[in-house]
Amino acid sequence: MLGSPSPVISLDSLNPPQREAVLHDTGPLVVFAGAGSGKTRVITFRIARLIEEGHVRPYRILAVTFTNKAAGEMKERLRGLVGPLADDLWVGTFHAICARLLRLHGALLGLSSSFTIYDDADQQAMVKRILKELEIDEKRYPPKAIAGRINREKQDVRGPREMVGDDPASRIAKEVYAIYEERMRSANALDFGDLIYRMVLGLEENETFRELVAGRFDHVLVDEFQDTNHAQFRVVRALAAGHRNICVVGDDDQSIYGWRGADRRNILDFRHTFPEAAVVKLEQNYRSTGRILRAANEIISRAYDREPKRLFTENPEGQKIVVVATQDERDEAALVVRSVHELRRAGVPLSEIAIFYRVHAQSRVVEEALRRENLPYRVIGGQRFYERTEVKDVLAYLRILVNPGDDVSLLRIINKPARGIGKTTIDRLVAMANEANAPVLETLSRALDANRFSGAAAKKLREFVTLVDELQEIAATRGLGELGRELIEKTGYRAMLEQDDSPESDARLQVLGELIGSFMLFERDNPDVSLADYLESITLDTTSEEDAGEDRLTLMTVHAAKGLEFKTVLVLGMEEEGFPYRGLNPWDDPEELEEERRLAYVAITRAEERLVLSYARTRTVFGQMKLRIPSRFLAELPPDDVIRLGEPQRPQGAYRPPTQAEVRPPPPPVDYDGVDYPADGMIRPGMAVRHKVFGQGRVVDVREGFPPKVTVEFRSVGRKTLVASYLEPA
DNA sequence: TATGATTCCATTTTT
DNA sequence: TGGAATCATA
């Protein structure tokens, strides 16, 4: 039982619903945590209280997050609250937690504890190999698509036998899936999906495993519950089945990963799954100004099928949101540059400014403009360090040392650098391995012993096997740093890069240097952690280390922005087709449009003080110049909170925002033909305006900014530059 | 085996 | 349009 408020954990700083969530005793609890509503505080305080007041032992509490970053931040904050006790908590991502538990108890499920984890690229390589083996045309059935299908099946907890559908694609996927599972077993490898899928099977079908694993915990907490997929839901449900102390936190309005298998129903239907569940809603926003929040509410309230809630704030109203029409994407980039310059002049650090876009491709124009102006920036979501070819190559060598069955890694480097093991030799070797259903390296050793290779091929293969043996020896006796250094020498990898002096290979050498550096650092910080542990830590952690220090602005997709906040946010490309994004054919599934709406909501709710939304009247898409229609989301913004700059495009067909009454239950209009885009309040040169004091005038010039300013030629007093919001159309 | 030509295609990506 | 990925050719 929980007692009176802890002397350590002060509840004074919490609002009533926050307090309710923190104090909730036992049994299921779902917390709908709106954007900026202090969600992390609630989770961490709740955990701290369970420990301090509920006397729950820290190692019997499991807190699941979706990213390593979130896990790290949570641990950090818990350390602040409960001190070193925090180190005993189970805090981690679904994948990391499942990997850890499967290594501990997977033997019960027939898993070796030294399994290798395959990332998506490894998985695709494996699928590709199987397609080749089955002589399936990769054009017709791309490995990527098949791998995607396999992942979806695992997400839904279906093995190859349970797969449904007998269209040709499904039949092929099914066949590949079955062999894939065999090969993965032989390689002693699990893919990301497996970590969850195997955990579900273990928990649901193996009583001993269930007791050992689910029995470890008295409380389970899950963050970002709206992002869980079906398999993850099953894991959570199984873990909580005994004690039912399950606390889930999330926001259905911020569910933007449906396309990746996340199921909003997990949080929306939580109280049906757990009928005795307590429900708490955190609706006070501490992040954004009143105007920004109103705009966000306006967008999200038009969504169907959401848990009813409405964010409010006690923050000041703040400045108006600025909507800017630009000529084209280059003009839009120029807008970014101008805005950043102006903010900088006003003393705003660049780190407080973020540029969002719907798709990565939009960053290029902006980057070019920023570079021309020498404005420092960083792009989130580019290629990640551990996904670079040279890094993956070196890691592939290391992975073979830990798990000689790791065929994907082996085939990756068997002839890299080139050591005269040619395609024909490799094909023959792989065929033998397929035949024997055994790992390639093992097959290779046997084949050499049996003299099944001859001449040059045999010689080169023997050399390779010897190389691996030597590296094994070093791995067994020396530290990670030294192993790394020896590895790039002995394999000839370094020599290969030094050979040609192209700028790319220079860069690669540099990256290798960094990699070795990180080896040494890791060794220093974790002296008694094994090579296997190291490899796991990096395949499960893809957070690219951000170079702190220099003050830069941030460019990223809206997806990448979830969970972050910035004083100033500019969202680019607010156009129909662009945002909401539309692929090849119109939204056949209304849910896709709904997700775009939530995405817009996420974008807006990232902004604390200043928000600019821009669109281009014309944009070059796939090399073709297209006329663009302003995004429906722009039309839905509350007019009084917005300043619109620039002339709207002559409507080809525009969108009328649905009124509140139209939203639910009747569906919002999808037909947006023939209705004029509201040109309300658009301020543009030549426009007649009125000012309370100066009277009638005509706009000469418009300058975006914070706030936007307009130069007006007044009949009475001549030319004046003033803040746009003091003007009204005449 | 390496380079250039060619072809294809085109969101979002927490692990 | 541009980039990646595969293919062709030396």
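Keep in mind that this is a model prediction, so the values were computed, not measured. Letters A, B, ... mirror the listed sequences (proteins, then strands); counts begin at 1.
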State which of B:dT11, C:dG2, B:dT1 makes the closest approach to the side chain of A:A418. B:dT1
Enclosure of A:K416 NZ (heavy-atom neighbours >12, cutoff 6.0 Å): yes
Take atom CD of A:E596 and atom P of B:dT12, then tell me their distance rounded to the nearest Å. 11 Å
Please table the atom pairs, donor to acceptor, closer than 3.5 Å between any side-chain atom in residues 114-121 of chain A and protein atoms at least two apart or in another chain.
unit_1, atom_1, unit_2, atom_2, d
A:S114, OG, A:S112, OG, 3.0
A:S114, OG, A:N188, ND2, 3.2
A:T116, OG1, A:N403, ND2, 2.8
A:Y118, OH, A:D406, OD1, 2.4
A:Y118, OH, A:V408, N, 3.3
A:D119, OD1, A:A121, N, 3.0
A:D119, OD1, A:D122, N, 2.9
A:D119, OD1, A:K392, NZ, 3.1
A:D119, OD2, A:K392, NZ, 2.9

First of A:R419 and A:T557 reached from the 5' end of DNA chain B, by closest nucleotide: A:R419
Can you tell me, in whole Å, how much space there is between the C1' of C:dA5 and that of B:dT12? 22 Å
Listed nucleotide nearest any side-chain atom of A:Y257, set B:dT11, B:dT14, C:dC7: B:dT14
Answer with base, sugar-phosphate or nothing: what part of the nucleic acid does A:T620 contact at a heavy-atom distance below 4.0 Å? nothing
Report the nucleotide, chosen from B:dT13, B:dT14, C:dC7, that has the shortest atom-to-atom distance to any side-chain atom of A:F66. B:dT14
Syn/anti state for B:dT11 [syn: chi within 90° of 0]: syn
Nearest whole Å is fine: how far is B:dT15 C1' from A:L102 CG? 14 Å
So which heavy atom on A:I47 is nearest to which on A:M74, and how close? CD1-SD, 4.5 Å
Length of the NZ-P vector between A:K626 and C:dT1, whole Å: 14 Å
Of A:H95 and A:V359, whose closest DNA chain B nucleotide lies nearer the 5' terminus? A:V359
Nearest of C:dC7, B:dT14, B:dT13 to any side-chain atom of A:W259? B:dT13
Describe the nucleic acid contact of A:A361 in one word from base, sugar-phosphate, nothing, applying a heavy-atom distance below 4.0 Å. nothing
All salt bridge (charged side-chain N to carboxylate O under 4.0 Å, His left out) counterparts of A:R237, not counting sequence neighbours: A:E204
Counting only side-chain heavy atoms from C-beta out, which of B:dT15, B:dT13, C:dT6 sits nearest to A:H360? B:dT13
Nearest-nucleotide pick for A:R358, side chain only, options being B:dT12, B:dT1, C:dG3: B:dT12
Can you check the distance between C:dA4 and B:dT13, where both ends of the measurement are the P atom (answer in whole Å)? 15 Å
Between C1' on B:dT7 and CD on A:E138, what's the gap in Å once rounded to a whole number? 16 Å
Write down the atom of A:N415, the atom of A:G420, and the distance for their closest heavy-atom approach. OD1-N, 3.3 Å
Counting distance alone, no hydrogens or angles: does the base of B:dT15 have a donor or acceptor under 3.5 Å from a partner atom on the side chain of A:R260? yes
